[in-house]
Number of protein chains: 2
Amino acid sequence: MGEINIKMLALELNLSAATVSRALRDSYEISSETKARVIEMAKKLNYEPNPFASSLRQQKSKTIAVIVPAIANNFFSLAINGIEEVARARDYHVLIYQTHENSEIERSFLMRLSSGRVDGILISLASEEVDKRQLKEVSEKLPVVFFDRVHDDIEGVKITTDDYTSAYNAVQHLIENGCKKIGYLMALNSLSTGEKRLQGYLDALKNNGFPYQPDLIITNSGTVEQNYSLVRNFIAEQKPDGILSSIEDLAMPCYYACKDLKLTIPDDLKLISFSNLAHAELLNPSLTTINQPAFEIGVEAAGILFKIFNNRRYAFNETITLKSNLIKRESSMRAE
Amino acid sequence: MGEINIKMLALELNLSAATVSRALRDSYEISSETKARVIEMAKKLNYEPNPFASSLRQQKSKTIAVIVPAIANNFFSLAINGIEEVARARDYHVLIYQTHENSEIERSFLMRLSSGRVDGILISLASEEVDKRQLKEVSEKLPVVFFDRVHDDIEGVKITTDDYTSAYNAVQHLIENGCKKIGYLMALNSLSTGEKRLQGYLDALKNNGFPYQPDLIITNSGTVEQNYSLVRNFIAEQKPDGILSSIEDLAMPCYYACKDLKLTIPDDLKLISFSNLAHAELLNPSLTTINQPAFEIGVEAAGILFKIFNNRRYAFNETITLKSNLIKRESSMRAE
DNA sequence: TTTATTTACGTAAACGTTTACGGATAATCG
DNA sequence: CGATTATCCGTAAACGTTTACGTAAATAAA
C-alpha cells in the first residue's frame, strides 16, 4: 500500500527527511515555522511513523511485556489493568503472555523476549520450579520487575504484599473465633510468596500453642476437578474447623465441598482465603478474604519499571511491600 | 551491548549474511550441511533475531492487538485468555489495550495502531458512540475482527452470541416462573449487542401480552456508585418482581439493593443476568445467568483473524454467532 | 563435447527511521 | 570590520533483517 512516510513528507515540503524527522520530534535545531509546516502536513497526510524503523534505529520499542500465570483471574486481571493504565499514560504498549503455571512456557517467553522486542518485563512467576539461569540471562539484558509471585533467590526488583503477616493475622483471627483445628490449603510452594504465607500460618499456630500437624496442610494439584476432590477429601477426613486458603482457587472448592458434605460455613468450618473476588460479599456465606491491592501492585510495578528506564539502574535487589487487607465477613465469624 | 546479530554469525561461519539468514529461515537454496552449521552456531552464540529489523523488512509484525473496554472483567479476561492461547500456538504476540468504554481513547488506540505496529486487530467496542470513520480507515489498512461488542453499521467480520434469543428466553423463563412486572437493566445501548438484548426483552414481553412500560427500563450510568443508587431507586420505586440485567455490573447492585431494601431474591424479585461470573453458583442466592462462551469467542475471533492473514481476504461482512447458555439457578426460581 | 539446468552461495539494495557531521547564513561580539 | 557564535538545515550512514539479482561450479541433457 502507498503508506505515507517521512521521505514523502520531505518531498512534499521541499525539505530533507532529516529535517522532517527532527521537526516531528520537536528538535531545537528546527525553526518554529518549519515545525508548524511539517506538523500540519503530517496531519493532513495522516502520517503515522513506522514503529519498527524507529525501534530499529533507537534500539527501543516503547513496549513492555507482562508475563502472568493466567489472565482470567481476579488478581492478575486487576494487576494488568493497573499496568496498562500506567503504560498508556506514557504511550507505551503492553504485550501479554500467560504461562499457565508452566515453567517451560515461561522459559520460552523469556527467551523470545530477550531479542529486544520489549524494553522491560513485568513478571509474576509460574508456580512450577523456575528456570533461574534463563531469568538471570534475560534480566542482564533488560530490566525485569517481579510482582506478587516472586522468588527471593532471584535478584531483582520485587513488588509483593505482606504475605507472612497476612497469613499470620488470618490464622490469629480464626483462633480468636474459636477454631481449634486449622487447615492450610497450600499453593505456590516453590515460590517465596507461598513460603511466606505458609510460614505465617505455621508461626501463628505455634505462638498460640497449637501443635504442628502436617496432615492439616494440603497442596493444590492442577486441575479444578483434582482440587475439588482433594479439598473434599481433606475436609471429610481431617474435619478441620478452620481453613486458611492461600489462593482463591482452593477456597471456592470448600464451598462446594461443604455443600456436598452437609457442613455449614462458618458453624462447622470457618474459612478465610487470599482472594480478589469482586463480590466476596455476596457469597453464601460471605467470604472473609485477604484482599491484595492488585491494581496498585500493577501500578507500582509498572511505575518502577519506568523509573528504571529513566535511571538506567537495573542491577539491584529491592523489594517493595504493599499491605493486604483482611476483610472479615461471615465465613470466619464465631457463632453467636 | 554486544548483541549478536546475523553479520557476526556470518563472520564466524565464513558465510555471507544472506546465506545465514536463508539458512535460519530454512530456505531451499541452502545446503543441509550449511544449514546445520548455521543453526548450531546460532544456538551456541544464543542468537536471537532482531524483530524490528525483520518487521521493517517484511512489513509484518507477528503481533496482534486486542482492544477491550476493560481487562478486569470476567468476560473479557476469558476472551483474552482464548485469544492469547491461539496466538501463542502461532508464535504471535498479543498487545492489550483497554478503552474504559471511552470512545476517545478507543479512537486514539486505533490511530496508533494504523501505523502497522500490528498485523491485525481484535476489538470489542466501547459502549460510547463509536467513531465509525476512524474504524473504517483502520480496517482498510489492516484486518479487524469484532467480537461481542459489535455494531451492525460497521462492515467487518464479527463474532457474537445469540443476544436476542438469550434475552428473549430469559424473559420467557421469568414469566413462566410467575413474574408480572419485569424490569430491564440496559447497557451497551449504542451497540447492536445492546439493541438485540433489549429487543429480545421487548419481544418476549409483547408475545406474552405484557404492555410496554418504558419506566421498567433503566440505563446504566458510569460509576459503580451511580449504578447502585440507580438500581436501588429503580427497585424501590417501580417494585419489579423480575429483572433481566444486560450486564453483570448492573446485576450485582441488585443483590446489595435487595439486602438494603429488605427484599429477598427470588421471592420478592427474580433476577437473571448476562454474566460470566465464575461462581454464580455460590452467590446468595445463586444467580441465574446467561453465560456467554467467552473463551470460545476469543478462540474463534483469533482463529478468524489468522485465516484472514492467510487468505488476504479482508473486505467482507460476516457474522459468526455462538450460543450462550441460560443457566437456571435460585435467583429466578418460583417459590414452592 | 556443448549447452542447459540445478545447486549453493554472495553482493547489494531495500525497509523507514534517527543522528553524527558538516555547512551556509545570519546575528553577535571585540 | 573580522571573528565568533547561534540558528537552521542537508548529506549520508546506520540500525539488522530480507530478498532480487547475479554467478560460479556441478550436474544433466543434447
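In what follows, chains are A, B, ... by sequence order, proteins preceding strands, each numbered from 1. Small disclaimer: the values here were computed from a predicted structure and weren't measured.
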Can you check whether Tyr97(A) and His93(B) have ring centres sitting under 6.0 Å from each other? yes

In residues 31-46 of chain B, which residues come under 4.0 Å of DNA chain C by heavy atom? Ser31(B), Thr34(B)

Separation of dG16(C) atom C1' from Leu9(A) atom CG, nearest Å, is 12 Å

Base contacts versus sugar-phosphate-only contacts with protein, heavy atoms under 4.0 Å: please encode nucleotides 17-26 of chain C as B, S and - from 5' to 3'. BBBB------

For dG16(C), does either OP1 or OP2 sit under 4.0 Å from a side-chain N or O belonging to Gln59(B)? yes

Taking the side chain from Ser61(B) and the backbone from Ser55(B), do they hold a donor-acceptor pair closer than 3.5 Å? no

Check the pair Leu95(B) / Arg117(B) against side chain to side chain contact (heavy atoms under 4.5 Å, CB included), numbers first and verdict last. CA-CA 10 Å; Leu95(B) 284 168; Arg117(B) 180 179 289 271; 4.1 Å; yes

Evaluate the criterion side chain to side chain contact (heavy atoms under 4.5 Å, CB included) for residue pair Ile64(A) and Ile121(A); output intermediate values, then yes/no. CA-CA 6 Å; Ile64(A) 62 177; Ile121(A) 297 178; over 6 Å; no

Between CZ of Phe52(A) and P of dG16(C) the distance, given in whole Å, is 12 Å

So which of Val145(B), Val86(B), Leu122(B) actually passes side-chain contact (heavy atoms from CB on, under 4.5 Å) with Ile304(B)? Val145(B)

To the nearest 0.5 Å, what is the distance between CD on Gln134(A) and OG on Ser103(A)? 11.0 Å

Separation of dC9(C) C1' from Tyr28(B) OH (nearest whole Å): 12 Å

Let me see the working for Arg149(B) and Leu188(B) under side chain to side chain contact (heavy atoms under 4.5 Å, CB included), right down to the final yes or no. CA-CA 8 Å; Arg149(B) 305 276 206 97; Leu188(B) 325 178; 3.3 Å; yes

Please lay out, stage by stage, how Leu110(B) and Ile67(B) fare under the test side chain to side chain contact (heavy atoms under 4.5 Å, CB included). CA-CA 9 Å; Leu110(B) 288 170; Ile67(B) 305 179; 3.9 Å; yes

Is there a donor-acceptor contact under 3.5 Å from the side chain of Gln292(B) to the main chain of Thr161(B)? no

Compute the angle between the rotation axes at the two ends of the helix from dT1(C)-dA30(D) to dG30(C)-dC1(D), each taken over five pairs, rounded to 10 degrees. 40°

Has Ser124(A) got a side-chain atom pairing as donor or acceptor with Phe147(A)'s backbone, closer than 3.5 angstrom? yes

Reading nucleotides 23-28 of chain D from the 5' end, what letters show protein touch, with B for base, S for backbone sugar-phosphate only, - for no heavy atom under 4.0 Å? ------

If I take atom CE in residue Met8(A) and atom P in nucleotide dG16(C), what distance separates them, rounded to the nearest angstrom? 7 Å

Chi angles and distances behind the salt bridge (Lys or Arg N to Asp or Glu O under 4.0 Å) call for Glu137(B), Arg133(B): CA-CA 6 Å; Glu137(B) 217 165 87; Arg133(B) 206 178 50 77; 3.3 Å; yes

Can you give me every donor-acceptor pair (side chain of residues 7-21 of chain A, partner residue at least two apart or in another chain, under 3.5 Å) with its distance?
from	atom 1	to	atom 2	distance (Å)
Ser16(A)	OG	Ala18(A)	N	3.4
Ser16(A)	OG	Thr19(A)	N	3.2
Ser16(A)	OG	Thr19(A)	OG1	3.1

For residues 71-79 of chain B, run the donor-acceptor check on the side chains, cut-off 3.5 Å, and write out each pair with its distance to 0.1 Å, sequence neighbours left out.
from	atom 1	to	atom 2	distance (Å)
Asn73(B)	OD1	Phe75(B)	N	2.8
Asn73(B)	OD1	Phe76(B)	N	3.0
Asn74(B)	ND2	Glu248(B)	OE2	2.8
Ser77(B)	OG	Asn73(B)	O	2.9
Ser77(B)	OG	Asn74(B)	O	3.4

